[in-house]
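A note on names: the letters A, B, ... follow the listed sequences, proteins ahead of strands, and every chain is numbered from 1. This is a predicted model, so every value here is computed, not measured.
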Protein chains: 2
Amino acid sequence: MPKLPARERATPRATSARPQPAAGSRGKRAAVRTAPKSRNAKSAATHAAIIDAALDEFAARGFAATRLDDVARRAGVAKGTIYVHFRDKETLFEELVRTALGPLLRGLEETPVADVPLRAFVEGLADHFVKEILGTRRKHIVRLIVTEGARFPSLAQIYYREVIKRAMVVVRGAVERAIARGEIEGDTLQRFPQLFVAPGILALVWDMLFARFEPLDAGALMRAQVDLVFAAIGKRRK
Amino acid sequence: MPKLPARERATPRATSARPQPAAGSRGKRAAVRTAPKSRNAKSAATHAAIIDAALDEFAARGFAATRLDDVARRAGVAKGTIYVHFRDKETLFEELVRTALGPLLRGLEETPVADVPLRAFVEGLADHFVKEILGTRRKHIVRLIVTEGARFPSLAQIYYREVIKRAMVVVRGAVERAIARGEIEGDTLQRFPQLFVAPGILALVWDMLFARFEPLDAGALMRAQVDLVFAAIGKRRK
DNA sequence: TAATTATGACTGACCAGTCAGTCATTATAC
DNA sequence: GTATAATGACTGACTGGTCAGTCATAATTA
């Protein structure tokens with residue numbers, strides 16, 4: 001039986017040698033080399049290394065096709081170790097996504113909710129989305145939610161509760177204040193705050209599928225949308 | 001080892017009995033009951049039944065987690081039969097998607113490219129997208145491309161060539177003519193025709209993940225976007 | 001030493017893909 | 001028209017590779 005084509009063997013990224021595991025992110029070995037960390041610290045490092053490796057593998061292959069053997073190898077750890085830290089494959093996956101949610105949220109919360117003009121606020125959001133999500137490994141998290149979320153209702157739920165809902169509240173609040181201030185008119189944006197992210201999601205999916213045929217500048221796309229929106233509903237030309 | 005949660009046993013849809021296979025879509029048995037089809041016709045029907053069943057299974061579980069045993073059962077056919085019609089699982093999957101591309105395209109081609117005002121043209125497109133794709137089983141095809149496309153480069157390529165590229169050409173053409181006619185101004189839409197579909201893709205993903213928490217009216221969202229766009233770049237208020 | 005953490009060979013369920021054989025249909029011979 | 005042969009779609013038990021999860025043992029730390 002030929003191997004499933006969808007699951008070629010893991011390509012230990014860039015460098016060939018597996019023996020010295022992931023020089024960059026401190027795996028078990030690194031811990032041994034440096035100061036003898038406390039048990040807790042070492043254990044925490046191992047935990048992190050596994051999550052780190054799992055992100056790479058899940059992002060590249062999807063949940064079902066990812067082998068824990070590969071995750072273990074990439075993390076520089078034996079397979080059994082994974083089961084010391086996580087109940088099973090699914091738990092690892094969910095914890096991985098949940099862990100990555102914090103940083104996603106922080107960006108949102110740190111955005112000045114103050115009374116900057118709506119346009120500046122929204123441009124800041126778009127910018128943040130492009131730089132801090134699409135421009136980093138965090139984008140894999142969002143991709144995983146898009147591609148696997150339907151199969152993991154609990155994940156979709158958490159993501160909705162912790163990210164989507166909050167983001168919508170923040171944006172709607174900003175929109176309302178802008179209306180009160182007389183910056184914009186109409187209720188379109190209150191009804192559909194999603195219109196601000198739509199280009200971002202499209203860019204994410206596009207990049208996933210079609211980047212090699214025709215690259216798409218996510219930043220430019222989002223800026224174009226913001227331009228359109230404010231040209232449309234801003235009270236008279238700026 | 002507990003079963004993967006992502007793969008509950010297939011639920012032979014609605015009716016319980018498997019003995020009389022898929023009363024609706026004519027399977028082998030149906031052929032016996034009605035006029036004795038020719039070998040060719042029966043074979044074609046089986047082929048179609050397998051693709052039909054495969055769409056349901058792949059859509060529900062994704063490529064990797066779908067079992068051909070389930071596809072066979074759902075199609076009312078023995079597993080071996082699948083291999084009479086398709087080389088392997090991957091071929092079945094790709095052929096399934098490719099088969100469904102035609103209808104997707106036809107909609108595009110049948111759209112009157114004539115010289116209707118751009119706004120009417122775009123509204124027609126949005127409407128078509130909502131009714132003929134999001135509103136039918138075809139949406140599963142688009143979902144599969146979104147969720148599995150990254151793992152099937154050949155599929156992404158075909159989809160890009162056969163759908164995306166053509167659609168972009170059509171839309172860009174319409175935009176250019178509208179500019180020539182003096183309907184709109186600016187080059188935003190020529191640079192980013194994607195802005196028209198972005199809300200559609202967002203709606204698709206949203207529906208996949210968050211519909212149960214907060215339904216999203218795809219049609220309304222797309223109409224809102226069209227409103228914004230034309231409020232922004234239409235030459236003076238209509 | 002005791003407790004915690006890590007190891008990796010091992011097990012068994014699972015499932016893609018196979019193949020020898022069945023049977024209805026079509027073609028040919030009489 | 002009838003008998004016989006050829007065809008090939010269909011079947012489903014079977015095989016072998018794969019991989020999640022286990023556990024007895026080893027290493028490390030306090």
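- Remark: P of C/dT18 and CD1 of B/I82 are 13 Å apart, rounded to the nearest angstrom.
- Comment: A/R151 engages B/E148 in a salt bridge, judged by a side-chain N to carboxylate O separation of less than 4.0 angstrom.
- Distance, A/L68 CG to D/dT22 C1': 13 Å, rounded to whole Å.
- Taking atom NE2 on A/H85 and atom C1' on C/dT4, their separation rounds to 11 Å, with Å as the unit.
- One atom, CD of A/E57, and another, P of D/dC19, lie 12 Å apart when rounded to the nearest Å.
- Regarding B/I50, its CD1 atom lies at a distance of 10 Å from the C1' atom of D/dC10, rounded to whole Å.
- In this structure, A/E90 places its CD atom 14 Å from C1' of D/dG21, rounding to the nearest Å.
- Closest approach to the B/V84 side chain among D/dA20, C/dT7, D/dT11 is made by D/dT11 (side chain taken as heavy atoms from C-beta onward).
- An OP1 or OP2 oxygen of C/dA6 is reached within less than 4.0 angstrom by a side-chain nitrogen or oxygen of A/T46.
- The CG atom of B/D69 sits 10 Å away from the C1' atom of D/dG12 (whole-angstrom rounding).
- The aromatic rings of A/F93 and A/F152 lie tilted to each other, with the angle between the two planes from 30° to 60°.
- Aromatic ring centres of B/H47 and B/F86: separated by under 6.0 Å.
- Between A/F210 and B/Y159, the ring-plane angle classifies as parallel under the 30° and 60° cut-offs.
- Residue B/K42 contributes atom NZ, which lies 11 Å from atom P of D/dA9 at whole-angstrom precision.
- Below the 3.5 angstrom threshold, one finds a donor paired with an acceptor across the side chain of B/K79 and the base of C/dG17.
- A 4.5 Å side-chain heavy-atom check between A/K139 and A/D207 finds at least one atom pair inside the cut-off.
- Defining each end axis of the helix from C/dT1-D/dA30 to C/dC30-D/dG1 as the rotation carrying four pairs' C1' atoms onto the next four, with five pairs an end, the two axes are found to diverge by 10° to 10 degrees.
- A distance-only check finds no donor-acceptor pair linking the side chain of B/E57 to the backbone of B/L68 [under 3.5 Å].
- Counting only heavy atoms from C-beta on, B/R67 has its side chain closest to C/dA16 among D/dT22, C/dA16, D/dT11.
- Looking at which nucleotide of DNA chain D each of B/A78 and A/Y83 is closest to, the 5′-most match is held by B/A78.
- Side-chain contact between B/L204 and B/I133 is absent, with no heavy-atom pair separated by less than 4.5 Å.
- Between B/T81 and the phosphate of D/dA9, there is no side-chain N or O to OP1/OP2 separation shorter than 4.0 Å.
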